[in-house]
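Structure, as structure tokens:
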Amino acid sequence: MSEPITLRDLSEIPVERLRGVGPKKQKSLETVGIENLFDLVTTYPRRWVDRTNEARIADLVPGEEALVLVTVRSVTKRTTRNRRTMVNVNVGDGSGRMDLVFFNQPWRERQLKDGLQIALYGKADTYRGGLQMSNPVVDLIGDRTGRIVPIYPQSEKAQLNTWEMAGWIDETLRRCVDRGIADPVPKAVLAEHRMIARGDALAGIHLPEDMKQKERARRRLAFDELLRVQLVLVLRKRALERGQRGFEHTPDGELVQRFYDSLPYPLTRAQGRAIEEIFTDLANPHPMHRLLQGDVGSGKTVVSVAAMLTAVHSGHQAALMAPTEVLAEQHATSVRSMLDGVSVPDPDNLFGDRPLRVELLTNRVTGATRKDVLAGLADGSVDIAIGTHALIQEAVGFNSLGMVVVDEQHRFGVEQRSALRDKTADGRMPDTLVMTATPIPRTAAMTVYGDLDVSVLDELPPGRTPIVTMWASDESSEAGVWRDVRAEVEAGRQAYVVCPLIGESEKLEVASAEETFERLAGGELHGLSLGLLHGKLGADEKEATMNRFRDHEIDVLIATTVIEVGVDVPNATVMAILDADRFGIAQLHQLRGRVGRGKHASTCWLVTQPGDPESDGTNPRVEALVATTDGFELAEVDLALRGEGTLMSSAQKGRSDLKLASLRRDRNLVEIAREAAFTIVDADPDLADHPMIADELDMIFSDRDEEFLSRS
Ligand code: ADP
Ligand code: MG
């Protein structure tokens, strides 16, 4: 008997081999990216119509959505007075008749031929005494029988319809029956998680007997997609670990203890947990590569300082890199004040201690100071260096750089990471901790940040007054916003006004900020001390304005999104974000994090224009912000609203796309897949005992995919 059929086998059979596919259909399929039988059987239905749930025309209730299966009776097309096309279709199902009307879809005339069976999904309304649906969702189902009818993606342009697709997939699966479809996933893994066999899953998704069977099939196939992604990531991670020598630090030393003792507060549980995870990594000889996720204000700095001190205590140096000079300076200030009075135990020193040396190195540090810092880095007398990425990019030499903290991951890629190795004399790789305030659901992070381990600070330090967020969606409530700002200023507080985001154009954005400034200065905020901050100002001017705001010479700072990161003025208690519906969830959340930093209660106003046609009276993003201040919850909503594609990079349109799996819906499957990937790889590091899996990965992922998946 011959071997079961693998995905590779299927991928080597071109679609022309199927009975119904001639040169013309082959071309059509090619335009939608289907060239072989693997492509074909992994083109999944986008819906399944359950005939037992369908309504009859006679049962339709005006105003309620329903699914009906009907036959087309007549089609007419005309052009309305305002030059729109209108296609009218009369349909019936034995229980009655109704009219459909399609606006601006002239092609419907060609698509909907007399006698055709279609599934309609939409809302029926009464019109001139009869029932009518306008612009319903139409699925052509052909003469398919059976209880569940799969509906495939159809392409008008490529002239492919769902029953042709169904027919070809049917034929393919029938031809596989004798040999069966191979299942490369270890039986134990499948059994542990109650997964059905791959062959059954393919049959079950394309030709389910009932919806339960379809669900079981989907779960297995989605698991396969996620497992493949995780295998690539885990293989890469383990290979990196093998190829790199790192530092073995000694955690929990006296220096770290002194630091804890000097803190005016206890660590949060989340901080304690993250530090434990980091210390475990630091103690072992593999280089750490860990992501520390935590909302604004969750206390990431403390965690990173504990990690850096561990390196110092172990006789090495640490570096903290920020994306901008301003942020580097802020970090230097806060780290220095946190470490004020903490000295390093030093047996060689007469007093048993030596002062800890923290230095800032940016392009603004020049002359003798710069020379001095550079010398200190080279001879090891600087313990902690804080700067921009220039710290590793330029010819800055360290004596022994053992630990690197990177604030905000997006500008720290694979190249930067490998540059780190060149910073150590013996080619050892420093441990790296990447901090991000952009909340990403944990499972999504596992996939997006591939080979990084993830620690999460999901708890804010106690004693914060939560920010109250309110939505001002009309003129009278906007007036209330300005009253609130004035009241807070009178009470001695300060405020931010964030100007509308205008597409990609910084010029327009600046113009709008200037306009807003003029309008408020001459109107609602007349008489208050206002400042203006935007991207076109020089660095010095920006800094001067920020300093004046910090020193409370300015009551209200009117700004573009330049204030998104790093600004920390605890006395600011109100923020008004204008045209809030133009911002994304993550950005609104970041902006809002600028208030609520002090002991006073804070408010964030989300101002939208009334009657914005897009907003339709609802705005799911603004509503989400009003409902919660939990960044992780918001990240989930964001993922739900934007879909998965945005996470996996939109340029990523290869076979590795997740077709069935959803990082949001299938969180549990992501965890299972990651765990299974570790089990498989740790028992068989180069997949020598799992040749079919190796071959599948090889076939499905291009080099580019792998590069993408393992980016950091
Ligand atoms: P993040 O970098 O995550 O935004 P920070 O590290 O800047 O947060 O900390 C925000 C503020 O919270 C700082 O003023 C810090 O001193 C304070 N903080 C950090 N950890 C704690 C804690 N465990 N208890 C109370 N306050 C804390
Ligand atoms: Mg911070």
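Every number for a ligand or one of its atoms is a count from 1 in the order of the listing. Just so it is clear, the structure is predicted and the values come from calculations on it, not from any experiment.
Set against the non-hydrogen atoms of Thr268, the atoms of ligand 1 under 4.0 Å away are 23 (N). Shown in contact with Thr301 at under 4.0 Å from a heavy atom are these atoms of ligand 1, numbered in order with element: 2 (O), 5 (P), 6 (O), 7 (O). Contact atoms of ligand 1 toward Val302: 19 (C), 20 (N) (distance under 4.0 Å to a heavy atom of the residue). Ligand 1 places these atoms under 4.0 Å from at least one heavy atom of Gly299: 1 (P), 3 (O), 5 (P), 6 (O), 8 (O), 9 (O), 19 (C).
At least one heavy atom of Gly297 lies less than 4.0 angstrom from ligand 1. Distances shorter than 4.0 angstrom do not occur between any heavy atom of Pro264 and any atom of ligand 1. Using a 4.0 Å heavy-atom cutoff, Asp295 is listed among the residues neighbouring ligand 1.
No part of Met435 comes within 4.0 Å of ligand 1, judged by heavy-atom distances. At a heavy-atom distance under 4.0 Å, only backbone atoms of Leu267 (N, CA, C or O) approach ligand 1.
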Exercise. Does the pair His289 and Asp453 meet the rule for a side chain to side chain donor-acceptor pair (under 3.5 Å), with working shown?
Worked result: CA-CA 6 Å; His289 192 197; Asp453 296 300; over 6 Å; no
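Backbone and side-chain nitrogen or oxygen atoms of Met338 are examined, and none is located within less than 3.5 angstrom of a nitrogen or oxygen of ligand 1. On a distance-only criterion, Pro266 and ligand 1 share at least one N/O pair closer than 3.5 Å. No N or O atom of Arg597 sits closer than 3.5 Å to an N or O atom of ligand 1.
Side chains of Ser455 and Arg290: a donor-acceptor N/O pair is present below 3.5 angstrom, by distance only. There is a side-chain donor-acceptor pair under 3.5 Å between His589 and Asp295. For the residue pair Asp379/Ser381, the side-chain donor-acceptor check at 3.5 Å is satisfied.
A distance-only check finds no donor-acceptor pair linking the side chain of Asp551 to the backbone of Glu553 [under 3.5 Å]. For His534 (side chain) and Lys536 (main-chain N/O), a donor-acceptor pair under 3.5 Å exists by modelled atom type.
Using a 4.0 Å cut-off between a side-chain N of Lys or Arg and a carboxylate O of Asp or Glu, Asp484 and Arg493 do not qualify as a salt bridge.
Each of Glu488, Lys599, His600 was checked for a side chain to side chain donor-acceptor pair (under 3.5 Å) with Thr573, and the lone residue meeting it is Glu488.
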